[in-house]
Amino acid sequence: MVKKLKSRYGDERIITLLEDGRYRIEGRSLYTRHGDGLFDFEGGPCLMVGDRFLDTGNNVIIENIEIDESVVADNYAGAIITVRKVKTK
């Protein structure tokens, strides 16, 4: 599964479902904020542990966020998102 969305500044964010069930989100960003349970692209989205993971088509909650160390380009960032499914009524 690959899904694309736009930041509020029009920059593309690419969400890819990895083979191990985690997601990679990446895109152009002049800066990011990240810390314990937080990853925020310039112009969004802002991802936080405990929140629903965007519109991936699944009812999933963010369980862990890691910086994607494979991203080495200037003004480009990425994160690996571990999720867990939630039951719906």
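Atom CD1 of I25 is separated from atom NZ of K3 by 11.0 Å, given to the nearest 0.5 angstrom. Here L30 contributes atom CG and E42 contributes atom CD; the two are 4.0 Å apart, rounded to the nearest 0.5 Å. Considering CZ of R8 and NZ of K6, their distance stands at 15.5 Å, rounded to 0.5 Å. Remark: D74 CG to R28 CZ distance equals 11.0 Å, nearest 0.5 Å. Between atom OH of residue Y76 and atom CZ of residue F41 there is a gap of 8.0 Å, rounded to the nearest 0.5 Å.
The residues E66 and R22 are annotated as salt-bridged, a charged nitrogen and a carboxylate oxygen being separated by less than 4.0 angstrom.
The shortest side-chain heavy-atom distance between R52 and N59 falls under the 4.5 Å cut-off. Between R13 and L5 the shortest side-chain heavy-atom distance falls below 4.5 Å. In this structure, V86 and R84 have side chains that are in contact, with non-hydrogen atoms separated by less than 4.5 Å. Here the side chains of I62 and T82 are not in contact, with every heavy-atom distance at 4.5 Å or above. No side-chain heavy atom of R24 sits under 4.5 Å from any side-chain heavy atom of I15.
Under the side chain to side chain contact (heavy atoms under 4.5 Å, CB included) rule, Y23 has a single partner from T16, V83, I80, L47, which is V83. Partner of I65 under the side chain to side chain contact (heavy atoms under 4.5 Å, CB included) criterion, out of I81, D36, L38: I81 alone.
Taking all atoms of both residues into account, the shortest heavy-atom contact from G44 to S7 is O-CB, 3.6 Å.
Below 30°, between 30° and 60°, or above 60°: for H34 and F39 the angle between ring planes is below 30°, a parallel geometry.
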